[in-house]
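Notes follow once the structure below has been shown.
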Amino acid sequence: MAGGNILNCSLIPSGDAFMTTLVRGTDRSIFIVGGRYVPRGSSEISHGQLYVEHLIPARVFIVDQPARGRSAWQSNVDGDTGIFSTRIIESRFTATAKYGTWPQATLHTQWPGSGTQGDPVFDAFYRSTVPCLTSAVETSELMKAAGSELLDKIGPVVVVTHSQSGYLGWILGDARPSLVRAIVALEPNGPPFQNAIFTRNPARSFGLTYIPLTFDPPISSASDLGPIAVHQGEDYTSFQQARPPRRLVHLAKVPVLLVTSESGYHAVYEEATVQFLEEAGVSVTHVRLENVGIHGNGHMFFMELNSDQIADEVVEPWIRNVTGC
C-alpha cells in the first residue's frame with residue numbers, strides 16, 4: 001500500500017493489530033484541520049475542528065471525529081454526549097456468545113480474553129472508549145465540513161470506516177467523489193431507514209445517512225425516498241427506496257468494499273445495506289468473512305486475534321486491485 005492514502009474515520013485505538021499491520025515502522029505527526037470561530041463571552045473560541053494523526057511514511061491518516069476524543073468538545077456549543085456502558089460493550093461486541101442476543105452471536109470466538117469486565121484486555125479496551133455526540137445529525141454535519149477540508153488537503157484517499165463512522169464515509173464520498181478513490185466499510189452503520197436487533201426505531205432517514213446525499217432524480221426531503229418494506233426478518237425489517245430507486249450519482253463513482261463478520265449483529269441484516277447501495281448504482285464488493293474461510297469474528301474484528309489475516313487476505317488485496325496502490 002506504499003504511496004496510497006488511507007483516511008480512517010473511526011476511533012480505532014492506535015495499538016490495535018489491524019492498524020499495526022498497515023503502519024508498522026512509522027512515525028507520527030499531528031495536525032488540526034477545519035473548525036470555525038463562535039462567540040464565547042467577549043471573544044471567540046474554535047469549534048468543529050478535526051484532530052488528525054499522519055503516520056509517516058505509510059501515508060495513513062487517523063482522525064478523531066469533531067467533538068470526540070482529541071477533537072475538542074466545547075461546552076454550550078456542541079451537543080450532548082454519551083458513552084456505552086460495560087454491559088453494552090460486552091453484549092454487542094466482546095462477549096456476544098455469553099449473551100446470545102442474536103442467532104449468530106454464539107459463533108464468536110476471536111476476541112482475546114473473556115470479553116467481560118475484569119478481564120485485562122476488556123478493561124484496557126473499555127477504558128479507551130470516549131464519549132461521542134448523541135446527535136448523529138450534528139456529528140454528520142461537523143464531519144462533512146471538517147472531513148471535506150481534510151480531503152482537500154491530503155486527497156486522493158481510500159476511506160476506511162467501521163460501525164458508527166460508516167455513515168460518515170458515505171457522506172465524505174458524496175461530498176468529495178473525486179478525492180475518495182474507494183471506501184472500505186467494516187460493518188457500517190445500518191440497516192437502511194430503521195434500526196434493528198436492539199431497537200426498531202426509525203433512523204438514517206436518507207437511507208444510510210442522517211443528512212442528505214446527492215440523489216438523481218433530486219430529492220427535496222427524506223420523504224421523497226418513500227421507504228418501503230421489502231423483507232421481514234425475525235430481528236429486523238429491510239426497508240429500501242420506493243421503486244424505481246434513485247441513483248446516488250456521486251457515490252456511484254466510488255467503489256466500495258463492505259466486510260461483514262461471521263458472528264457480529266450485522267450478519268443478521270447486512271444484505272439490506274448492500275441492496276440499498278447497489279440499487280442506488282454503487283459498485284459494492286461484499287465479503288462475509290466466513291465465506292472466505294475466516295471464522296469466529298464479531299463486530300470488532302479489526303481488533304481481534306486474527307485481524308492480521310483479515311487485513312492481509314481481504315482488505316489490502318482489494319485496495320491494491322481497485323487503486324493500484
Side-chain angles (χ1 to χ4, degrees), residues 1-2 4-26 28 53 55 58-64 69 84 89-90 92-97 104-116 119-130 158-166 169 182-189 256-267 270 285-322 325:
M1 292 171 45
N5 294 328
I6 297 178
L7 167 63
N8 192 305
C9 294
S10 61
L11 274 177
I12 298 179
S14 59
D16 79 85
F18 189 92
M19 289 304 296
T20 300
T21 299
L22 299 181
V23 301
R24 189 177 292 117
T26 61
R28 299 173 186 240
E53 283 191 14
L55 306 186
R59 298 284 292 162
V60 173
F61 297 83
I62 305 174
V63 309
D64 286 3
F84 284 155
I89 297 290
E90 289 178 5
R92 298 185 186 184
F93 307 145
T94 63
T96 64
Q104 296 89 334
T106 58
L107 301 174
H108 190 207
T109 60
Q110 292 288 356
W111 182 264
S114 68
T116 57
D119 178 89
V121 175
F122 176 89
D123 291 345
F125 170 62
Y126 184 76
R127 288 165 182 157
S128 75
T129 62
V130 295
V158 173
V159 175
V160 182
T161 67
H162 170 255
S163 195
Q164 175 264 343
S165 70
I183 295 173
V184 176
L186 311 176
E187 298 201 348
N189 189 253
V256 171
L257 170 66
L258 196 153
V259 185
T260 307
S261 67
E262 181 177 41
S263 76
Y265 57 89
H266 280 244
E270 204 86 285
T285 300
H286 182 206
V287 175
R288 282 188 169 270
L289 293 179
E290 69 271 22
N291 291 343
V292 294
I294 301 176
H295 297 281
N297 289 105
H299 184 57
M300 308 299 289
F301 56 84
F302 61 90
M303 300 179 66
E304 295 189 321
L305 294 172
N306 58 348
S307 59
D308 282 4
Q309 181 184 9
I310 298 168
D312 293 344
E313 298 181 11
V314 178
V315 177
E316 293 194 63
W318 184 86
I319 292 176
R320 285 195 296 268
N321 183 57
V322 300
C325 294

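Taking CG from D123 and OG from S128, the interatomic distance works out to 11.0 Å, rounded to the nearest 0.5 Å. How far NE2 of H286 is from CD of E270: 5.0 Å, rounded to the nearest 0.5 Å. The CE atom of M300 sits 10.0 Å away from the CD atom of E187 when rounded to the nearest 0.5 Å. Here Q309 contributes atom CD and H295 contributes atom NE2; the two are 9.5 Å apart, rounded to the nearest 0.5 Å. Atoms CD1 and CZ, from I62 and R28 in turn, are 5.5 Å apart once rounded to the nearest 0.5 Å. Here the straight-line distance linking atom CE of M303 with atom CH2 of W111 works out to 4.5 Å at 0.5 Å rounding.
The backbone N or O of H299 lies less than 3.5 Å from a partner atom in the side chain of H162, making a donor-acceptor pair. Of the possible polar contacts, none joining the Y265 side chain to the F93 backbone as a donor-acceptor pair under 3.5 Å is found.
Evaluation of the side chain to side chain donor-acceptor pair (under 3.5 Å) rule for T96 yields H108 as partners, not counting sequence neighbours. A search for side-chain contact (heavy atoms from CB on, under 4.5 Å) contacts involving S114 returns T116, D119, not counting sequence neighbours. With sequence neighbours excluded, the residues that form a salt bridge (Lys or Arg N to Asp or Glu O under 4.0 Å) with E290 are R288. Taking N306 as the reference, N297 meet the side chain to side chain donor-acceptor pair (under 3.5 Å) condition, with sequence neighbours excluded. Residues meeting the side chain to side chain donor-acceptor pair (under 3.5 Å) test with Q110, sequence neighbours left out: none. T129 meets the side chain to side chain donor-acceptor pair (under 3.5 Å) test with no other residue; sequence neighbours excluded.
Annotation: side chain of V184 is in contact with side chain of V158 (closest heavy-atom distance under 4.5 Å). I319 places none of its side-chain heavy atoms less than 4.5 Å from the side chain of N321. Contact check for T285 versus V256: no side-chain heavy atoms found under the 4.5 Å cut-off. In this structure, L289 and V314 have side chains that are in contact, with non-hydrogen atoms separated by less than 4.5 Å. Between S163 and L186, the closest side-chain pair of non-hydrogen atoms is not below 4.5 Å. Considering only heavy atoms from C-beta on, I310 stays 4.5 Å or farther from F302 through its side chain.
A pairwise comparison of heavy atoms in G296 and S263 identifies O-OG, 4.2 Å as the closest pair. Taking both residues in full, the closest heavy atoms of A95 and G115 are given as CB-O, 3.5 Å, listed atom of the first, atom of the second, then distance. Between S261 and A267 the shortest heavy-atom distance is O-CB, 3.7 Å. Of all the heavy atoms in I294 and E313, the pair that sits closest is CD1-OE1, 4.1 Å.
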Worked verdict on T94 versus Y126 for side chain to side chain contact (heavy atoms under 4.5 Å, CB included): CA-CA 10 Å; T94 63; Y126 184 76; over 6 Å; no
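Using a 30° and 60° split on the angle between ring planes, F122 and F125 fall in the perpendicular class, above 60°.
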